[in-house]
Amino acid sequence: MAFQLIDLPYADDALSPAVSAETLSFHHGKHHKAYVDKMNAAIAGTAHDDAALETVVADARGSNAGLFNNAAQTWNHAFYWHSMAGSETAPSDDLKAKIDAAFGSVDELKAQLKARGAGHFASGWVWLAEKNGALSIEETHDGDTLADSGFNPLLTIDVWEHAYYIDHRNARPAYLDAVVDGKLNWAFASENLARGSTWIYPK
Ligand code: MN
């Protein structure tokens, strides 16, 4: 069974003006859809057609760059849509305690997310992740993912230009400011932390 492009978990204007409906129409409706379609074309008639997306990603890593990039980008974008919300949600007590332990405060974590995102060279992803009970900020380049990494990803931010160019032109820091200050879904991060294992792409 082929993978489906997941629906956005909010209305297409819910993130505006940080991320506009026009950006989502391209980013979700064109970019994300293209990754799903290309992956489905690559796995049609193979055992991966019935596999979990996380298995496709892990199997293709290091052996099939084309399939890996499309499968990982399918996963990353779905995770990114859920990492944002129309209004910033609240972290659980457990997540808040772990943020305080690793970063000192939520505000300091936000400042570090912005700095890592702004400093990331070229295309990629910035993540809040958990491993062995401790939180850290991680970066992956291009289409790379934490889905099969040994980290439990909690949140991610897409720093490819297509994520912000319509709304913020070349000003990646303005996009990061707008998303990090008011659109992060800490409730989703809390669910991921509580589960203790990597979020699974719905199929
Ligand atoms: Mn993207």
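Below, all heavy atoms of this structure are taken into account, side chains as well, without hydrogens, waters or symmetry copies. Just so you know, ligand 1 is whichever comes first in the structure, and atom 1 is the first atom listed for that ligand. In what follows, residues are counted from 1 in the order of the sequence shown.
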- Task: Could you walk me through whether W160 and H77 pass the ring pair (Phe, Tyr, Trp, His ring centres under 6.0 Å) test, one step at a time?
- Result: CA-CA 11 Å; W160 287 54; H77 284 86; 7.4 Å; no
- Measure from the Mn ion (ligand 1) to each N, O or S atom of H77 and report whether any distance is below 2.8 Å.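 True for H77.
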- Message: Strictly under 2.8 Å, is the Mn ion (ligand 1) approached by any N, O or S atom of H31?
- Response: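 It does not: H31 brings no N, O or S atom closer than 2.8 Å to the Mn ion (ligand 1).
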- Task: List, by chain and then residue number, the residues other than F26 in its hydrophobic cluster (Ile/Leu/Val/Met/Phe/Trp/Tyr, side-chain heavy atoms under 4.5 Å); write none if there are no others.
- Result: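 Direct or chained contacts put F26 with I166.
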- Task: Output the atom name for the N/O/S atom of H162 with the smallest distance to the Mn ion (ligand 1).
- Result: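 When I compare the N, O and S atoms of H162, NE2 is nearest to the Mn ion (ligand 1).
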- Item | Among the N, O or S atoms of D158, the one nearest the Mn ion (ligand 1) |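 Nearest to the Mn ion (ligand 1) within D158's N, O and S set: OD2.
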- Given the side-chain rings of F121 and H141, with only the six-membered ring counted for Trp, is the space between their centroids under 6.0 Å?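 They do not qualify: ring centres at least 6.0 Å apart.
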- Item | Side-chain donor-acceptor contact under 3.5 Å, S136 with E138 |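 Present: a donor and an acceptor within the cut-off.
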